[in-house]
Amino acid sequence: MSGQKPLFKRVAIIGLGLIGGSLASAIRRHGLAGSVVGADKRPDELALGEELGIIDEAAASIEEAVTGSDLVVLAVPVRATRSVLEEIRPWLGADTVLTDVGSTKSSFVSDVEAVFGALSPKVIPGHPIAGSEKSGIRAANPELFAKHKVILTPGDNAGEPDVARLKALWEGCGATVLTMSVAYHDEVLAATSHLPHLIAFSLVDTLAGEDENMDIFRYAAGGFRDFTRIAASDPVMWHDIFLSNRDAVLRVIDHFTHDLDQLRTAIAQQDSATLLRVFSRAKAAREHFSKMLSGQAYVTHNTEKPVTFRLQPGSAISGDIRVPGDKSMSHRSIMLGALADGITEVKGFLEGEDSLATLQAFRDMGVTIEGPDDGFVRIHGVGIKGLQAPRGPLYLGNSGTAMRLFAGLLAAQPFDSELTGDASLSKRPMGRVADPLRAMGAVIDTAEGGRPPLKIRGGQHLTGIHYEMPVASAQVKSCLLLAGLYADGSTSVTEPAPTRDHTERMLAGFGYHVHRDGATASVSGGGTLTATNIDVPADISSAAFFLVAASIAPGSDLILRHVGMNPTRVGVINILRQMGANIEVLDEREIGGEPVADLRVRSANLKGIDIPEDQVPLAIDEFPVLFIAAACASGRTVLRGAEELRVKESDRIQVMADGLAALGVESEVTPDGIIIEGGQAIGGGTVSSHGDHRIAMSFAVASLRAAGEIEVKDCANVATSFPGFVELARNTGINISAEGAE
Ligand code: S3P
């Protein structure tokens, strides 16, 4: 016993099978109740329960078990529920909480209603998502629920304190508790548990039935074993479950049968595109699921598993490295490749969560995409009008770029769509794209304040507009140009300052003419895209961390290979050079319409500068790490005209100022920038990145000049743009370790 205060005085467990027995022993082990009494119709099981120390007391009758208990747990087979409810009814106290552990919840509720007349507030249906193909009290395991989910489906009238107490009981057993409605529970379980069991039973039966000696099993390998493990589950229990959850199960069987039939047709007709599409979509979904299970982040909520960077003060860095592919180009390569006619091959694709979310979203819209495999992706384009309606909302993780560009593309599709994202993305302004899209004829709903989710109505007729962008944003420009591909007439966008032009360049690479007239880019709708091959250079925004790191750490000498040098992206190099950085640009070349070079950077004595405002859009993502450079420079650095930084993955001005302050570096925050007095000593301390990947990596760089250990919290999102950052940083000489990362 752990010695904590019991949550219930006396718990009666009716039915000492695997689940009832495991719950009894978990409650006892963790001291969650004063005593646990068991009741079971099978005298042997009951005696065994007492003998094995699973229960405190074996009740001779239901009356004895229920009377005086403040929690009664029904752990009997689902089909026995109603008769057991009849038996306990006369003895149930008015204040006694009643719950169950059955796999179907509508049937439990209707049994309760049949026996008690109504669902009393004291009845809280439950379902632990844990089990084993073993059954019976001998298999009882007090750790069965640890790290498993338990679903409670309280009615609207359920008493809050009772729900809280029951939740605490399950949490005390190590489980994570979710609450949802009865109907939703049954739909979800029909799909994720009941159908797979049915298929496993059916498959094994089919194969075994064909072969009297069951010889076939001799040849069956690991795949068969893994896939059919659950066919060894308790037949009676599963028989009960299917009959109790009949409606939801029938719906999901019909859905599955339809999809299986489609695969059958595809095989019969040698339709390899359909097979590849379904298999690669399923593979990606399975990989996503494995990552969820192992706590990794891709397309799940990163905050589920906190990652902390721990950094020891460093000295020189060196090496010859290539950082991952450009994020902006990776997104666009998938989008345009998907809409093109023919097959597009991409090299150097960024396998970060943001671009993977884009890739997955196109799979969800019926595009076959092979890979990514070490940066190689093959996209089977479906043509500009070939996207299919996704089955549910498209989840875009942390990626503002994806959401804004998708908004343009989807506004013109014949189907409805919904775009969602993580907590950070859900706070970011989308009115900047929704408003001009509406002016083109799109129908888009946003949450309050123009925030995600975006609900986009399909089947709208778009008309080209001319748009003068109030802010210099490549995302807004790209969104409108993509919508313009589908609009009547010409769509033109004028930018107040140059922003990255990857969309324009890549459209041209796919054979779509983009007209450029000074600050205005325009497209005419109605054309097509032709597949091409794309070589994505290393992301200058990721290289930036190492440009600053090598500049500030005395004695450093580092080579960065194959860095994208698009003139609309090189602000960080211009600014650092103006601060006195020693950056050599080597072997400049053009690859697939984008300039690329190798960079050699050696340490230098940086000096503070007034950052020219025209460089702001050209270095927009690099400011967090430039602030670290400014802190290490001599003299004052002033940034103005950068209010956009406040609506990035975090408020990058305030969050950086707070982080610097935590390390003893004072700065002055202004509405549109920051003033940093260089040369202040950087101390050790704890910094929160607020889930912003670039903030996390910037403070990792700061460690090179710090006097003590720096701890950076909330770093899981580094995987959105820079998978492998920790390892690469360590290879160059940064003393970094990540806690909580896989
Ligand atoms: C991006 C544009 C920029 C940038 C973002 C990527 C793009 O955003 O900050 O990381 O790929 O178009 P804004 O267009 O909002 O400035």
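For ligands, and for the atoms within them, numbers begin at 1 and follow the listed sequence.
Interface of S473 with ligand 1, defined as ligand atoms under 4.0 Å from a residue heavy atom, comprises 13 (P), 14 (O), 15 (O). Close approach to T401 involves these atoms of ligand 1, each under 4.0 Å from a residue heavy atom: 1 (C), 5 (C), 6 (C), 7 (C), 11 (O). Residue R500 has at least one heavy-atom neighbour below 4.0 Å for each of these atoms of ligand 1: 1 (C), 2 (C), 4 (C), 6 (C), 7 (C), 11 (O), 12 (O). Residue-ligand proximity, R404 to ligand 1, at heavy-atom distances under 4.0 Å covers atoms 15 (O).
Given atom 10 (O) of ligand 1, the protein heavy atom at minimum distance is D621 OD2, 2.7 Å. Remark: minimum distance from atom 11 (O) of ligand 1 to any protein heavy atom is reached at S328 OG, 2.6 Å.
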Apply side chain to side chain donor-acceptor pair (under 3.5 Å) to residues T401 and R332 and explain how you reach the verdict.
CA-CA 10 Å; T401 304; R332 289 158 170 85; 5.6 Å; no
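Taking distance alone, with nitrogen or oxygen atoms compared against 3.5 Å, R694 stays at or beyond that limit from ligand 1. Residue-to-ligand polar distances keep I620 apart from ligand 1: every N/O pair is separated by 3.5 Å or more.
Heavy atoms of H502 found under 4.0 angstrom from ligand 1: none, in either backbone or side chain. Contact annotation for K648 and ligand 1: only side-chain heavy atoms (C-beta onward) come within less than 4.0 Å of the ligand.
The shortest heavy-atom distance from R332 to ligand 1 is under 4.0 Å.
Comment: R652 engages D692 in a salt bridge, judged by a side-chain N to carboxylate O separation of less than 4.0 angstrom. Look at R500 and D326 and you find no salt bridge, because none of the NZ, NE, NH1 or NH2 atoms lies under 4.0 Å from a carboxylate O. Salt-bridge formation is detected for the pair R432/E644: a Lys NZ or Arg NE/NH1/NH2 atom is positioned less than 4.0 Å from an Asp or Glu carboxylate oxygen. Under a 4.0 Å N-O distance rule, the pair R589/D598 qualifies as a salt bridge. One finds a salt bridge joining E495 and R516 here, because a Lys/Arg side-chain nitrogen approaches an Asp/Glu carboxylate oxygen to under 4.0 Å.
Of the listed residues (E495, M469, E649, Q475), the one carrying the non-hydrogen atom nearest atom 5 (C) of ligand 1 is Q475.
Residue pairs meeting the ring pair (Phe, Tyr, Trp, His ring centres under 6.0 Å) criterion with at least one member in residues 511-549: none, sequence neighbours excluded.
Here the CZ atom belonging to R730 is positioned 11.0 Å from the CZ atom belonging to F725, to the nearest 0.5 angstrom.
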